[in-house]
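Below, each value reflects all heavy atoms present in this structure, side chains not excepted, and no hydrogens, waters or symmetry copies. Here, residue 1 is the first one in the sequence, and each next residue gets the next number.
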Amino acid sequence: MIKNKHLNQFACIVAALLISSGASSAPPAKPDAVIHFSPLDLTDDGGAKVKQAVFTYQGQAYEVKLHGLGVGGAKGKGVKVTGEVYGLKNVTDLEDIYVTDLSQDTRGTVSSETLSLYSRRGVSIHLQTNNPQLSLAAGGDAVTVTLPQFDTSGPRSVR
């Protein structure tokens, strides 16, 4: 009986923390960086994997590789996917594993053409398409972002 009481209290505390963190998770007004993906041509309803993008941070552009992100649900030519990035302290903070936000969007706009991703480093990426008939999706609810141009000699920007 005592174990159940403590377990229930623990569950209530965890639920309260999750709810309160969700209520304050709206991004600041100005993003720290932006991500632009090359326009996609979707020839069928099957969609496409979104594998690379250009990430612009503090006036520098960097190549970004993604694993686990897709767009689909309808045919479309010149489909654009863009994103705003929040919570960056330096460029390498972008490189991480991101999970989707499964709770309701606190800004009050929930639609299939948007997707929010969050990393353990406190970085969030808010993606959207230019086509409301499309859906953005994370494979297995996780997306891996890497910066392939970073090595031991330091950063190299994309031109």
Side-chain angles (χ1 to χ4, degrees), residues 10-40 47-73 78-159:
F10 178 76
C12 289
I13 291 169
V14 169
L17 287 172
L18 288 173
I19 290 168
S20 67
S21 68
S24 64
S25 65
K30 185 178 177 193
D32 297 319
V34 293
I35 292 180
H36 295 279
F37 298 85
S38 297
L40 301 166
K49 292 180 181 179
V50 181
K51 296 182 180 182
Q52 62 185 39
V54 174
F55 163 68
T56 305
Y57 177 65
Q58 296 184 346
Q60 294 289 320
Y62 303 92
E63 179 182 351
V64 177
K65 299 279 186 186
L66 295 102
H67 178 72
L69 181 63
V71 62
V79 173
K80 293 180 183 175
V81 178
T82 58
E84 295 179 336
V85 182
Y86 299 90
L88 286 176
K89 294 181 180 70
N90 64 63
V91 69
T92 57
D93 286 345
L94 185 70
E95 195 167 59
D96 209 347
I97 296 172
Y98 290 78
V99 295
T100 60
D101 182 10
L102 300 177
S103 65
Q104 183 176 358
D105 189 322
T106 58
R107 292 170 289 172
T109 56
V110 178
S111 63
S112 61
E113 76 268 16
T114 63
L115 178 68
S116 294
L117 302 170
Y118 302 90
S119 81
R120 64 178 176 229
R121 293 181 178 178
V123 177
S124 62
I125 303 173
H126 303 279
L127 300 170
Q128 65 182 26
T129 72
N130 63 336
N131 185 336
Q133 295 177 333
L134 295 174
S135 295
L136 289 163
D141 294 329
V143 174
T144 303
V145 177
T146 58
L147 297 159
Q149 68 272 20
F150 278 76
D151 58 23
T152 57
S153 64
R156 284 178 267 152
S157 62
V158 176
R159 292 179 191 231

### Message
Show, in sequence, the C-alpha distance, side-chain angles and deciding distance for Leu117 and Val99, and conclude whether the side-chain contact (heavy atoms from CB on, under 4.5 Å) test is met.
### Response
CA-CA 5 Å; Leu117 302 170; Val99 295; over 6 Å; no

#### Entry: Val145 and Val123: CA distance, side-chain angles, deciding distance, side-chain contact (heavy atoms from CB on, under 4.5 Å) verdict
CA-CA 11 Å; Val145 177; Val123 177; over 6 Å; no

### Task
Applying side-chain contact (heavy atoms from CB on, under 4.5 Å), run through Val81 and Leu136 and close with a yes or a no.
CA-CA 9 Å; Val81 178; Leu136 289 163; 4.0 Å; yes

### Message
Does Thr144 form a side-chain contact (heavy atoms from CB on, under 4.5 Å) with Leu66? I'd like the steps, not just the answer.
### Response
CA-CA 6 Å; Thr144 303; Leu66 295 102; over 6 Å; no

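What you find for Gly78 and Asn130 is that their closest heavy atoms are O-ND2, 3.7 Å. The minimum heavy-atom distance linking Val143 with Ala138 is given by the pair CG2-CB, 3.6 Å. Between Ala142 and Ile97 the shortest heavy-atom distance is CB-CG2, 4.3 Å.
Rounding to the nearest 0.5 Å places CG of Leu147 at 11.5 Å from NZ of Lys65. The distance from atom OG of Ser119 to atom OH of Tyr98, rounded to the nearest 0.5 Å, is 4.5 Å. Annotation: the span from Thr82 atom OG1 to Ile125 atom CD1 amounts to 12.0 Å, rounded to 0.5 Å. Phe37 contributes atom CZ, which lies 13.5 Å from atom NZ of Lys51 (distance to the nearest 0.5 angstrom). Rounded to the nearest 0.5 angstrom, Asp32 CG and Leu94 CG are separated by 11.0 Å. Considering OG1 of Thr114 and CG of Leu134, their distance stands at 12.0 Å, rounded to 0.5 Å.
For the 3.5 Å distance criterion, the side chains of His126 and Ser116 qualify, holding a donor opposite an acceptor. At a cut-off of 3.5 Å, with distance as the only test, no side-chain donor of Tyr62 or Gln60 sits close to an acceptor on the other residue. Using modelled atom types, one finds no donor on one side chain facing an acceptor on the other under 3.5 Å when comparing Thr129 with Asn131.
Residues meeting the side chain to side chain donor-acceptor pair (under 3.5 Å) test with Asp96, sequence neighbours left out: Arg120. Among residues two or more places apart in sequence or in another chain, the side chain to side chain contact (heavy atoms under 4.5 Å, CB included) test is passed with Ala33 by Phe55, Tyr57, Val85, Leu88. Residues satisfying the side chain to side chain donor-acceptor pair (under 3.5 Å) criterion with Lys80, sequence neighbours excluded, are absent altogether.
At distances below 3.5 Å, at least one donor-acceptor pair connects side-chain atoms of Arg121 with backbone N or O atoms of Glu95.
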